[in-house]
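Here's the structure we're looking at; comments come further down.
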Amino acid sequence: MTESLNTGIQQRVLALRSIFSSNQAYRKFEDRFGYLLERRRAEIAAGVIAEARCVALIGASGSGKTTAARHLITTLPEVVSNDLETGRMDVASLSVPTPATLKFVGQTTLAALGFPLRREKTAQTIWDMVKDHLAARQTLFLHYDEAQDLSRHQTPKELNSVVSTLKSLMQHPVWPVGLILTGTEELKTIINHDSQLARRVFPVEFPQLNPLLDTDRVIHLLNHYTERAGMSGSDDVATAEFAARLIHAADREFGLLIELAISALEEAMRSDAEKLEIVHFTQMFRKRSGCIDGLNPFVAADFERIDCRRLLDRGGET
Ligand SMILES: Nc1ncnc2c1ncn2[C@@H]1O[C@H](COP(=O)(O)OP(=O)(O)OP(=O)(O)O)[C@@H](O)[C@H]1O
Ligand SMILES: [Mg+2]
């Protein structure tokens, strides 16, 4: 394959990756966040100081949490992400660092606000600085991705101190800040660990795809990506059975399904095909997992017994 052809394919694939596909859970997340944002803005305009709230987006790995949060923060027209002149940062976003000690989470939050620490300081001082900088940057929401890590390798005492610090941000007497927490199922343990926190959280879950109920949606989604790739799909990839195989291959996760569909389209582009066929999915899965056809959900008769997640994870390691 010539270099220019290769570059052309890469550009087409990048264009597909930049598409954001909405779904019901995303709309709920967006609605809730929009509501809290408006409420906070109205309070600021009226000079009222009220406790802020938290939205938690919970879903399995590959469901699309990070993508959803990034899309929400960067595309809402009224959200200023980082104004260089005024220093305004409506939403500060970061991943929970490891180890998630009070001090390290504070230090990483400070860095996300644009103030990396140069000298060693106590956790208390660091969080006082975080609160000052949140007010200085007029930050309305703080987003922690991988928020389930807040409880990983943590002593109960450390977890308590992190949770009470997060609560204290929402209850700050001068500049309360709302939270967006995105994470896997374990995030629920953290939220439920503290009833005061639980009461302030609005949870949104990314449900898994259902191989019986979601086939039409998946066929529609695949069609959309195929069209955007400038191709058409063969009749074989527009069946409920094929959709069920694709859902299974993606371990029922929405984001992972889109990722696999784009990889199959890339495979079709590389073989210079005009139509997207099942064989492109078969080849894509073979390459990603390195497994034999008996373990390939696009070929095997009894595909439901295959643990696709394990195969894909293992393939990704090599
Ligand atoms: N709404 C979406 N539209 C298009 N592609 C998406 C969407 N959501 C997720 N994806 C794709 O799915 C893949 C996984 O998504 P993402 O990384 O957001 O999942 P996650 O839930 O954060 O997983 P993890 O828990 O492992 O961090 C990414 O390649 C992303 O591009
Ligand atoms: Mg993620």
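As the structure lists them, so they are numbered: ligands from 1, and atoms in each ligand from 1. Index from 1, following the sequence. Note that the coordinates shown come from a computational prediction; the quantities given were computed from them, not determined experimentally.
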Which protein non-hydrogen atom lies closest to [atom], naming both residue and atom, and how far is it?
atom: atom 31 (O) of ligand 1; value: Thr67 OG1, 4.2 Å
atom: atom 3 (N) of ligand 1; value: Ser21 N, 2.9 Å
atom: atom 21 (O) of ligand 1; value: Lys65 NZ, 2.7 Å
atom: atom 13 (C) of ligand 1; value: Glu259 OE1, 3.1 Å

Contact with ligand 1 for [X], non-hydrogen, under 4.0 angstrom:
X: Gly59; result: no
X: Glu146; result: yes
X: Tyr26; result: no

Is the closest N or O pair between [X] and ligand 1 shorter than 3.5 Å?
X: Phe20; result: no
X: Thr184; result: no
X: Ser22; result: no
X: Ile258; result: no

For this session: May I ask you to say whether Arg137 pairs ionically with Asp90, meaning some side-chain N is under 4.0 Å from a carboxylate O?
Result: no
Problem set entry | Salt bridge flag under 4.0 Å for residues Asp313 and Arg310 | no
Exercise. Under 6.0 Å between ring centres, would you say that holds for Phe20 and Tyr26?
Worked result: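 Ring centroids of Phe20 and Tyr26 are less than 6.0 Å from each other.
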For this session: Evaluate the ring-ring contact (aromatic ring centres under 6.0 Å, His included) criterion for residues Phe303 and Phe298: first the C-alpha distance (whole Å), next the side-chain angles of each, then the deciding distance (0.1 Å), finally the verdict.
Result: CA-CA 8 Å; Phe303 67 92; Phe298 297 104; 8.8 Å; no
Exercise. When rounded to the nearest 0.5 angstrom, what distance separates CD1 in Ile191 from CD1 in Ile58?
Worked result: 4.5 Å
